[in-house]
2 protein chains.
Amino acid sequence: MIDVSDLRFLTALSAAPSLAAAARALNVTPPAVSQRLSLLEDRLRLRLIERGRGNLWLTAEGAYFVERAKGILDNVESLKDEMSARAGRVEGPLHVIAPFGFGRLRVAPVLARFGNENPELRPTLSLSEDPVNTINSGLWDVLIHVGRLPHLRITQRKLASNRRFLVASVSYARQCGLPQRPQDVSVHRVGVVRENRADATLWPLTGPGGIETSLRVQPVYACNDGEVLRAWALDGFGIVERSEWSVSGDLAEGKLVRVLPDWSLPDADIVALLNPATVRSLRISKFVDRLATDIGNT
Amino acid sequence: MIDVSDLRFLTALSAAPSLAAAARALNVTPPAVSQRLSLLEDRLRLRLIERGRGNLWLTAEGAYFVERAKGILDNVESLKDEMSARAGRVEGPLHVIAPFGFGRLRVAPVLARFGNENPELRPTLSLSEDPVNTINSGLWDVLIHVGRLPHLRITQRKLASNRRFLVASVSYARQCGLPQRPQDVSVHRVGVVRENRADATLWPLTGPGGIETSLRVQPVYACNDGEVLRAWALDGFGIVERSEWSVSGDLAEGKLVRVLPDWSLPDADIVALLNPATVRSLRISKFVDRLATDIGNT
DNA sequence: GCTTACATTAAGCTGCGCCTTAATGATTGA
DNA sequence: TCAATCATTAAGGCGCAGCTTAATGTAAGC
């Protein structure tokens, strides 16, 4: 009597602000939605959605139905995934969320290669300012995070370790000199990545022999994109704090030099979070394996 | 992609000894089954059922699929039930299992009334020699049991208390006299219900002041149907052990009299077991309520 | 008062899911 | 060797779920 498509249908409706909007989302005409909803309500002999002036809202029964439907749909989806995993196939949608910079520069190439090797894969990469905040959206399989994490009840896997450096360009070093002690930084021009909450102007430094100190910097320039900051540093702007993954090439090529090389900032390791609802598919485990090898060796 | 009907289909197949048999069970022609199975296997790109000479068997993937399918189907069914329960409706299939005698004489009338009052109900009553043994078949909603139960992880509800009596007909009592002490029983003609395992020839008796004794009887007549035994007793055959529910009318009407009225056998209370998989529907809780009131007052 | 967006009813069309029949081949047991 | 049962392929048909278009009614914003 009840069908998977019914579950999908009402779940889609519950996410839409109006029947017309749902119709657009489902790529059908409004009467189709209206009729189908009526039919479903007739079959259940129960009102699921209260449609009033303007927007619509679920009845208590409708809300309960949607809640249960989501569970069942998860089950059905994961069954499908598990069957294809048992067949050893890498296929289906793979939705990856990653931070802007790291995602664009490091994740995207891996995902592209992985997708090419597995023609039946349908990869999606969502770059986000704050990936961790989108965890609860549910619409993702793998989420890449750089840095510390609050304690989450989610499977995570470390892809690579990642130190954070203070760097400056060679030209800047030549022109202005470099600080030898943390407190000397205050006379330099400093740039920071100003992101969401993390206090970017407080640098907890660990020095030789384990000495710890916190350095409050007064940044001259700031940007929420670390790559912009890196570019500024390369242009000789001043001292910036960047991740190892971002500047290791520049350091190796001698374009940038480390500032206070004996002092270290807390690590910001690169981890992959796995969505518990979809984790059983082969495409996901293989992709994470791939990330670990490819990113680990860059 | 995967549909509820697919789940049902393969579940049905897994229970059939051959595709042809499945076709008969599903009321379609063999090609329909063969095709549909092929299509499903194509869609999953996975072999689900190995068909060889004679019978067929599930592949590992097929077995897993069926296992998961059962879970999902349970979910879908119970969702349907819960929705109808929320609408306050009593409808749908109601499968009751009960012992032969009690089921025919006590449960059947209640179920008939309940069904008449709720026209949309589709009641089924399965009378079984040994209801408890059918618990794992899964195909039941309410299971009636009389007597002690091994410890089960199943919701149960006591419907009525039920003592067990030793009885004989008035004519027999007049003709042969009645024993005054347990050990006097041995000189009488005795009948027992010989069922599955319970040792029917050992009567644990509790007498005045809590004296306990076990009486080993040597039955002359035996039958696995308690009602036959009751009829024999009414015919003046001898002394038999019966449940209160069965003979209380005869006792009240003076057709039977209690033997050793000061001694009691362990109670055999009447309980309803509720199938955990289907327990959430309104039809079941209402029916059990009805059983409790109707059977409690007879 | 006009326009715009939304919901709903009615009526009709259509694709296709699922079935059927027909024919073939394989296997088994009498 | 024949009869019976089963599985499968091919070809064709049918029902109906689910869509469309068309028309009507309603509420809201300008």
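Heavy-atom basis, side chains included; hydrogens, waters and symmetry copies ignored. The sequence lines fix the lettering, A, B, ..., with proteins before strands; numbering per chain opens at 1.
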Side chains of [X] and [Y]: does their closest heavy-atom pair fall under 4.5 Å?
{"X": "A/Leu44", "Y": "A/Ile2", "result": "yes"}
{"X": "A/Leu291", "Y": "A/Ile144", "result": "yes"}
{"X": "A/Asp6", "Y": "A/Met1", "result": "no"}
{"X": "A/Asp3", "Y": "B/Asp3", "result": "yes"}
{"X": "A/Arg8", "Y": "A/Val4", "result": "yes"}

With the threshold set at under 4.0 Å for non-hydrogen atoms, list the residues of residues 32-45 of chain A touching DNA chain D in residue-number order. A/Ala32, A/Gln35, A/Arg36

Of all of residues 7-15 of chain A, which get a heavy atom below 4.0 angstrom from DNA chain D, listed by number?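 By residue number: none to list.
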
Can you confirm whether more than 12 heavy atoms, excluding those of A/Tyr221, are under 6.0 Å from its OH atom? no

More than 12 foreign heavy atoms under 6.0 Å from NZ of A/Lys80: is that the case here?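 Count over threshold, so yes.
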
Among D/dA7, D/dG18, C/dA7, the one nearest any side-chain atom of A/Ser5 is D/dG18

Any donor and acceptor pair, going by atom type alone, linking the side chain of B/Arg113 with main-chain N or O of B/Asp294 inside 3.5 Å?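 Not at all, since once roles are kept as given, no pair shorter than 3.5 Å links the two residues.
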
For the side chain of A/Ser34 and the backbone of A/Pro30, is there at least one donor-acceptor N/O pair under 3.5 Å apart?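 No, because the side chain of A/Ser34 does not come within donor-acceptor range (under 3.5 Å) of the backbone of A/Pro30.
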
At how many degrees, to 10°, do the end axes of the helix from C/dG1-D/dC30 to C/dA30-D/dT1 meet when each uses five pairs?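 The end-segment axes of the helix from C/dG1-D/dC30 to C/dA30-D/dT1 are tilted 20° relative to each other.
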
Is a side-chain donor-acceptor pair under 3.5 Å present for A/Ser5 with A/Arg36? yes

Residue pair A/Arg68 / B/Asn75, side-chain donor-acceptor N/O under 3.5 Å: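 Note: A/Arg68 and B/Asn75 side chains meet the donor-acceptor criterion.
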
At under 4.0 Å, does any side-chain N or O of B/Thr29 touch on OP1 or OP2 of C/dT20?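 For B/Thr29, the contact criterion (side-chain N or O under 4.0 Å from OP1 or OP2 of C/dT20) is met.
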
In whole angstrom, give the distance that lies between atom [atom1] of [X] and atom [atom2] of [N].
{"X": "B/Leu56", "N": "D/dC6", "atom1": "CG", "atom2": "P", "value": "11 Å"}
{"X": "A/Arg51", "N": "C/dT9", "atom1": "CZ", "atom2": "P", "value": "8 Å"}
{"X": "B/Leu19", "N": "D/dT9", "atom1": "CG", "atom2": "P", "value": "11 Å"}

